[in-house]
Engineer: 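One structure, pasted below without further comment.
Atoms considered below: every heavy atom in the structure, side chains included; atoms not considered: hydrogens, waters and symmetry mates.
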Amino acid sequence: MAAIGFVVAGMIVRTWGVGVYGFLTVMRSFLLVGTMSLLDPCLSETTTISVAKARARGYWAHAKQTVWKLYTTSILIAATTFIFFYLSAESILYFININREMYNIANNIVFYSLLSNFLAYPARVSEGIIIGFEDYFSKRIIEVITAAIFLTSVIIGLYLQVGILFLALAYIFSISIRSIALILRSLHFMPLRLASDFRYRRSLAIQLAKRSWLLTQNQFLGAAPQYATPILISAIISPAAVGIYDLSLRLPRLMKMILALVPSALLPIIPRIRLAEYSDKAQTLMKFGYSIVPALTMPGIVMLAASSSRILAVWLGPEMAQYWHWSVVGFIPIILSQFTLLPGMNLVDKPVAYVENNRISALQTLLAFGAGSILCIFYGAFGFIFANAAAHLIFFHQKYRNIAFAVGADLHDCLQKVVIIAAPNLTALIVMLAFQSLLTELSLQAFSLLTTAIMTVCMLTMFFFVLESDERKLVKDIARQSMGKK
């Protein structure tokens, strides 16, 4: 789905221009896939954890009560956001610099976006059920089909030369189809028996509220720079500037969406490792997370970052290719997050460390927004890209230390591992960037083969020389577990 969205973005820019793309990006804020996700109290994650624990221990009555209450919560959130944002739509559109010529179109998009959230919020709970049962195949099929529907709509729009409203409504329609499909698929696993799900409502509601509050803080602080920054850029500069900003970060976000499959796959497995017969592997999984995830993901990140200039030129044309260095800067937060991704997943069961992690993330987010707002005066929308990368670098050691202490890992050993993993990958990045600048006449095919060869060498180096024998064995065990094998 991420790849299809990547292709669609290029088609929109080449046909309707960066200004139209920026406008659509800003208007996407009213959907759950945009800024509205900041108001999602981790419905999917909470559901996944509940279902995964039920599968490990057999507490299905508790899981059904949880799911029912989360569905109820999702509908209440959708209703509240619809009333508030629709009534305040005029003020919001004025704040984000939507001109009078586009006001009627924008107002219609706001209405239908908020209406679609009545399906999107409950679908988050359904998605949690599907992930909890590890039915990734159905989830991916639904995502690919709905993305293909939007791609088909864009192609039809190109042929008929339609307006902006058609593109926006086509996107909203595809999101709604995805929501309906997820809800229907989840009922296959957990049909709701409403009459038996009202027991212990108060105690369960308090328990869910506490867990959701912890998860939501972390999600909000982590996602705020991505979803709130376009609103700020549109308000400070213009919607067109949002288009340039978003396109510059499309490659890093494509990689981020691909890497998001790692925690999605591990989230239902970890409770079984902790709670069932694999309890002795829990600490091992958390400790080895400092090396396994970054060692296996960084070569791919480095290759994509080094190829930014070539990809942007082919995808969007030479005008956007001149901003390739900002795209490389956008990879810095993605790279740093790989060292805290897997160990950080265990902090939800360590409230003190989790609260400290959220405090650090809050300071990081405030710095990114504050510095970005100042730097945008000099560098435009790119000021936010630089500020976000700098904030991640500044607070990385503090966040890394907090997680290391929480899971009982030795900080010195972990930092040493960071250097061992980062050094060869950064060297490969410098080599590839040098090849790119020196061999300007090199064809795209030849450059792709070169970067793929360097990435393969890095990957093999990481697996056989950086990971230890027991870490390599753990990778194989997790792979077998995720595929349902013994």
Engineer: Between Leu249 and Gly330, which heavy-atom pair has the shortest distance, and what is it?
Structural biologist: CD2-CA, 3.7 Å
Engineer: Taking C-beta and beyond as the side chain, do Ser248 and Ile385 meet within less than 4.5 Å on heavy atoms?
Structural biologist: yes
Engineer: Under the criterion side chain to side chain contact (heavy atoms under 4.5 Å, CB included), which of Ile183, Ile180, Ile131 is the partner of Ser126?
Structural biologist: Ile183
Engineer: If you compare all heavy atoms of Trp16 against all heavy atoms of Val162, which two are closest, and at what distance to 0.1 Å?
Structural biologist: NE1-O, 3.4 Å
Engineer: Given Tyr71 and Ser186, is the side chain to side chain contact (heavy atoms under 4.5 Å, CB included) satisfied, shown in steps?
Structural biologist: CA-CA 12 Å; Tyr71 270 126; Ser186 68; 3.4 Å; yes
Engineer: Please check: side-chain N/O of Ser50 versus main-chain N/O of Thr47, any donor-acceptor pairing under 3.5 Å?
Structural biologist: no
Engineer: Quick one, Val125 and Ser44 - any side-chain contact, counting heavy atoms below 4.5 Å?
Structural biologist: no
Engineer: What is the minimum heavy-atom distance between Ala89 and Asn107, and which atoms define it?
Structural biologist: CB-OD1, 3.9 Å
Engineer: Suppose we screen for salt bridge (Lys or Arg N to Asp or Glu O under 4.0 Å). Which residues come up paired with Asp135, at least two apart in sequence or across chains?
Structural biologist: Arg185
Engineer: Before giving the answer on side chain to side chain contact (heavy atoms under 4.5 Å, CB included), spell out for Ile96 and Val242 the whole-Å C-alpha distance, their side-chain angles and the decisive distance to 0.1 Å.
Structural biologist: CA-CA 11 Å; Ile96 59 178; Val242 175; over 6 Å; no
Engineer: Check whether any side-chain heavy atom of Asn108 lies under 4.5 Å from a side-chain heavy atom of Leu169, and answer yes or no.
Structural biologist: no
Engineer: How close do Leu316 and Gly10 get, counting heavy atoms only, and between which atoms?
Structural biologist: CD2-CA, 3.8 Å
Engineer: How long is the span from the CZ atom in Phe369 to the OG1 atom in Thr365, to the nearest 0.5 Å?
Structural biologist: 6.5 Å
Engineer: Quick one: closest heavy-atom pair of Met455 and Gly300, and the distance?
Structural biologist: SD-CA, 3.7 Å
Engineer: Side chain of Ser116, backbone of Ser113: donor and acceptor closer than 3.5 Å?
Structural biologist: yes
Engineer: Do Phe339 and Cys414 come within less than 4.5 Å of each other through their side chains, counting heavy atoms only?
Structural biologist: no
Engineer: To the nearest 0.5 Å, what is the distance between CD1 (Ile421) and CD1 (Ile335)?
Structural biologist: 12.5 Å
Engineer: Atom CD1 in Ile129, atom CZ in Phe189: separation rounded to 0.5 Å?
Structural biologist: 9.5 Å
Engineer: Could you tell me if the side chain of Ile12 sits less than 4.5 Å from the side chain of Thr15, heavy atoms only?
Structural biologist: no
Engineer: Looking at Thr146 and Arg178, would you say the former's side chain and the latter's main chain have a donor-acceptor pair under 3.5 Å?
Structural biologist: no
Engineer: Please walk me through it: do Glu45 and Arg124 pass salt bridge (charged side-chain N to carboxylate O under 4.0 Å, His left out)?
Structural biologist: CA-CA 9 Å; Glu45 292 79 0; Arg124 288 284 291 158; 3.4 Å; yes
Engineer: With a 4.5 Å limit on heavy-atom distance, are the side chains of Ile149 and Thr152 in contact?
Structural biologist: no
Engineer: May I ask you to decide if the ring planes of Tyr245 and Phe384 are parallel, tilted or perpendicular, using 30° and 60° as cut-offs?
Structural biologist: perpendicular
Engineer: Going by heavy atoms in the side chains, are Tyr227 and Met36 under 4.5 Å from each other?
Structural biologist: no
Engineer: In Å and rounded to the nearest 0.5 Å, what is the NE2 to CG distance from His397 to Leu411?
Structural biologist: 5.0 Å
Engineer: What I'd like to find out is whether the side chain of Gln364 reaches to under 4.5 Å of the side chain of His392, using heavy atoms alone.
Structural biologist: yes
Engineer: Give a yes or no answer on whether the side chain of Thr297 reaches the backbone of Val293 with a donor-acceptor pair at less than 3.5 Å.
Structural biologist: yes
Engineer: Begin from the C-alpha positions of Glu134 and Lys139 and carry the test salt bridge (charged side-chain N to carboxylate O under 4.0 Å, His left out) through to its verdict.
Structural biologist: CA-CA 9 Å; Glu134 302 176 50; Lys139 181 175 180 291; over 6 Å; no
Engineer: Between the side chains of Ser361 and Lys399, does any donor sit under 3.5 Å from an acceptor?
Structural biologist: yes
Engineer: What's the separation between atom OG1 in Thr81 and atom OH in Tyr121, rounded to the nearest 0.5 Å?
Structural biologist: 4.5 Å
Engineer: Assess whether atom CD of Gln398 is packed by more than 12 heavy atoms of other residues, nucleotides or ligands within 6.0 Å.
Structural biologist: yes
Engineer: Is the number of heavy atoms from other residues, nucleotides or ligands within 6.0 Å of OH (Tyr112) greater than 12?
Structural biologist: no
Engineer: Are the side chain of Thr456 and the backbone of Thr452 linked by a donor-acceptor contact shorter than 3.5 Å?
Structural biologist: yes
Engineer: Passes side chain to side chain contact (heavy atoms under 4.5 Å, CB included), Leu336 versus Thr340? Steps please.
Structural biologist: CA-CA 7 Å; Leu336 295 177; Thr340 58; over 6 Å; no
Engineer: According to the ring pair (Phe, Tyr, Trp, His ring centres under 6.0 Å) rule, which pairs have a member within residues 27-47, sequence neighbours left out?
Structural biologist: none
Engineer: Would Tyr136 and Ile130 count as a side chain to side chain contact (heavy atoms under 4.5 Å, CB included) here? Give the steps.
Structural biologist: CA-CA 7 Å; Tyr136 304 112; Ile130 293 171; over 6 Å; no
Engineer: Working to the nearest 0.5 angstrom, can you tell me the gap between Ile403 CD1 and Glu356 CD?
Structural biologist: 11.0 Å
Engineer: Does a side chain donor of either Asp246 or Tyr21 reach within less than 3.5 Å of an acceptor in the other side chain?
Structural biologist: yes
Engineer: Testing the basics here: between Pro41 and Thr46, what is the closest heavy-atom pair and its distance to 0.1 Å?
Structural biologist: O-OG1, 4.1 Å
